[in-house]
Q: 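I'd like to ask you about the structure that follows.
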Amino acid sequence: MDATQVTVREVRSVGTDTVALELETPDGFDAKPGQFVLLRATVDGEEVSRHYTLSSPDVEDTFEITVGVDPDGDLSPWLADLDAGDEVSVEGPFGTVFYEDEDVVLLAGGPGVGPAVGMGERALADGHDVAIVYQDDSPAHEERLAELSAGGATVVVTDGNLDEAVAEVAGGGQVYVFGFREFADDSLAAVEAAGGDPDDAKVENFG
Ligand SMILES: Cc1cc2nc3c(=O)[nH]c(=O)nc-3n(C[C@H](O)[C@H](O)[C@H](O)COP(=O)(O)OP(=O)(O)OC[C@H]3O[C@@H](n4cnc5c(N)ncnc54)[C@H](O)[C@@H]3O)c2cc1C
């Protein structure tokens, strides 16, 4: 989809410095869990664009992104200040890392919890095994993680070393990694330490 003005349905806090934006799905827009969109806005007279990954299990009627708010960042604080009824420019979807109807092991760092819960909900609804390892010292999306756990997913939240947590869920399905570069590197090292092949992991590096 070319750049399209999309209406914000809701902005809600889902944790410390973390918001979920629910956006109205424009005609013809389709995306799979794991794919991302480009959001573009004019902030203080400058055009800014950044990528955000889908955090809803589907894009029927609305879709969601989860934004970790960096108070010194250009776009994320602006997004957190949006209100229902505002519009934002959306382009996409993009990305070759997406859910393919399978058992999943989802490794998430920081705002990577968004795509992890979205894909986890979708895989669980499809009858697949779901394991999530989420590294954060102030976890977000706790309600949805609790629901996933109640629905049968294995959910491990850690603020420390990934190796032990990844070893617990290794071999449970296709490995996906969502988060910033350092987290992605640590995740792949943990996969290898647990006897897996890091080359088989699907990695969405937030930069
Ligand atoms: C494929 C992909 C998917 C992504 N998905 C998500 C997602 O689902 N959720 C999410 O929250 N993020 C996601 N991101 C990251 C997102 O695109 C933004 O990078 C993030 O939100 C920060 O943007 P910002 O404009 O708020 O901050 P920026 O303006 O980019 O700044 C980030 C930090 O860098 C500092 N900085 C900026 N420029 C300089 C400089 N020249 N020198 C020193 N420091 C500097 C700023 O002070 C700030 O602390 C994704 C990124 C990619 C590539």
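Atoms within a ligand are numbered from 1 in the order they appear, just like the ligands themselves.
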Q: Using protein heavy atoms only, decide if any is under 4.0 Å from atom 45 (C) of ligand 1.
A: no
Q: Run R9 and D61 through salt bridge (Lys or Arg N to Asp or Glu O under 4.0 Å) and show every step you take.
A: CA-CA 10 Å; R9 182 77 66 88; D61 184 37; 3.5 Å; yes
Q: Let's go through E204 and T53 carefully: what are the C-alpha distance in whole Å and the side-chain angles of both, what is the deciding distance for side chain to side chain donor-acceptor pair (under 3.5 Å) to 0.1 Å, and is it a yes or a no?
A: CA-CA 9 Å; E204 194 155 282; T53 312; 2.8 Å; yes
Q: How about atom 42 (N) of ligand 1: does it have a protein heavy atom within less than 4.0 Å?
A: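 Given the 4.0 Å cut-off, atom 42 (N) of ligand 1 does not count as touching protein heavy atoms.
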Q: Scan side-chain atoms only and decide if S55 and E64 contain a donor-acceptor pair under the 3.5 Å cut-off.
A: yes
Q: Apply the side-chain contact (heavy atoms from CB on, under 4.5 Å) test between L23 and each candidate in V6, V59, T7, V37; give the one that qualifies.
A: V6
Q: Looking at P111, which atoms of ligand 1 are within less than 4.0 Å of one of its heavy atoms?
A: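 Selected atoms, number and element: 9 (N), 10 (C), 11 (O).
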Q: From atom 24 (P) of ligand 1, is the closest protein heavy-atom distance below 4.0 Å?
A: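 Yes, there is one.
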Q: Is there a donor-acceptor contact under 3.5 Å linking the side chains of K202 and Y176?
A: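 Judged by distance alone, the side chains do pair up.
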Q: Side chains of T25 and E60: do they bring a donor and an acceptor to under 3.5 Å?
A: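 Short answer, no.
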Q: Classify the ring geometry between F36 and H51 as parallel (under 30°), tilted (30 to 60°) or perpendicular (over 60°).
A: perpendicular
Q: What protein heavy atom lies closest to atom 3 (C) of ligand 1? Include the residue and the distance to one decimal.
A: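 The answer is T53 OG1, 3.4 Å.
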Q: Report the part of F206 (side chain from C-beta onward, or backbone N, CA, C, O) that has a heavy atom under 4.0 Å from ligand 1; answer both or neither where that applies.
A: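 For F206, the contact with ligand 1 is made by both the backbone and the side chain.
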Q: Polar contacts were defined as any N/O atom of the residue lying under 3.5 Å from an N/O atom of the ligand; does this apply to R50 and ligand 1?
A: yes
Q: Heavy atoms only: give me the nearest F180-P111 pair and the separation to one decimal.
A: CE1-CG, 3.7 Å
Q: Has N205 got any heavy atom lying under 4.0 angstrom from an atom of ligand 1?
A: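 The answer is yes: ligand 1 sits under 4.0 Å from a heavy atom of N205.
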Q: Can you find a protein heavy atom under 4.0 Å from atom 35 (C) of ligand 1?
A: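 No, there is none.
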Q: Could you tell me whether atom 15 (C) of ligand 1 has a protein heavy atom closer than 4.0 Å?
A: yes
Q: Using a distance threshold of 4.0 Å (strictly less than), state whether atom 39 (C) of ligand 1 has a protein heavy-atom neighbour.
A: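 No, because not a single protein heavy atom sits under 4.0 Å from atom 39 (C) of ligand 1.
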Q: May I ask you to identify the nearest protein heavy atom to atom 17 (O) of ligand 1, giving residue, atom name and distance to one decimal place in Å?
A: H51 O, 2.7 Å
Q: Between G112, A41, G73, flag the one that comes closest to atom 27 (O) of ligand 1 by a heavy atom.
A: G73
Q: Check whether any N or O atom of Y52, backbone or side chain, sits under 3.5 Å from an N or O atom of ligand 1, and answer yes or no.
A: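 There is such a contact, yes.
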Q: Might you point out which heavy atoms bring V177 and A184 nearest each other, and give the distance in Å?
A: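 V177 and A184 have their closest heavy atoms at CG1-CA, 3.8 Å.
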Q: Verify the contact flag for atom 9 (N) of ligand 1, where contact means a protein heavy atom under 4.0 Å away.
A: yes
Q: Please assess F63 against F29 for the test ring pair (Phe, Tyr, Trp, His ring centres under 6.0 Å), listing each intermediate value before the final yes or no.
A: CA-CA 10 Å; F63 67 100; F29 178 76; 4.9 Å; yes
Q: May I ask you to list the atoms of ligand 1 that are less than 4.0 angstrom from any heavy atom of V67?
A: 11 (O)
Q: Shortest non-hydrogen contact from Y99 to V104?
A: CD1-CG1, 4.3 Å
Q: Has T66 got any heavy atom lying under 4.0 angstrom from an atom of ligand 1?
A: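 So T66 counts as touching ligand 1.
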Q: Number the atoms of ligand 1 from 1 as they appear, then name those within less than 4.0 Å of a heavy atom of D70, with their elements.
A: 32 (C), 33 (C), 48 (C), 49 (O)
Q: Does R122 pair with D101 as a salt bridge, N-O distance under 4.0 Å?
A: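 No, this pair does not count.
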Q: Salt bridge check: are R50 and D74 linked by an N-O gap of less than 4.0 Å?
A: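 Counted as a salt bridge, because a side-chain N and a carboxylate O are separated by less than 4.0 Å.
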Q: With a 4.0 Å heavy-atom cut-off (strictly under), which part of V69 contacts ligand 1: side chain, backbone, both or neither?
A: neither
Q: Is it the case that the side chains of T62 and E24 hold a donor-acceptor pair, with the cut-off being a distance below 3.5 Å and no angle test?
A: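 No - no donor-acceptor pair under 3.5 Å links their side chains.
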Q: Evaluating non-hydrogen atoms only, which member of P115, S49, G68, S76 is closest to atom 11 (O) of ligand 1?
A: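 The option holding the nearest heavy atom is G68.
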Q: Please could you name the atoms of ligand 1 that L75 approaches to less than 4.0 Å, counting only its heavy atoms?
A: 24 (P), 25 (O), 26 (O)
Q: Which bit of V48 is near ligand 1, meaning a heavy atom under 4.0 Å away: side chain, backbone, both or neither?
A: neither
Q: Identify, by atom number and element, the atoms of ligand 1 in contact range of D74, meaning under 4.0 Å from any of its heavy atoms.
A: 24 (P), 25 (O), 26 (O), 27 (O), 28 (P), 29 (O)
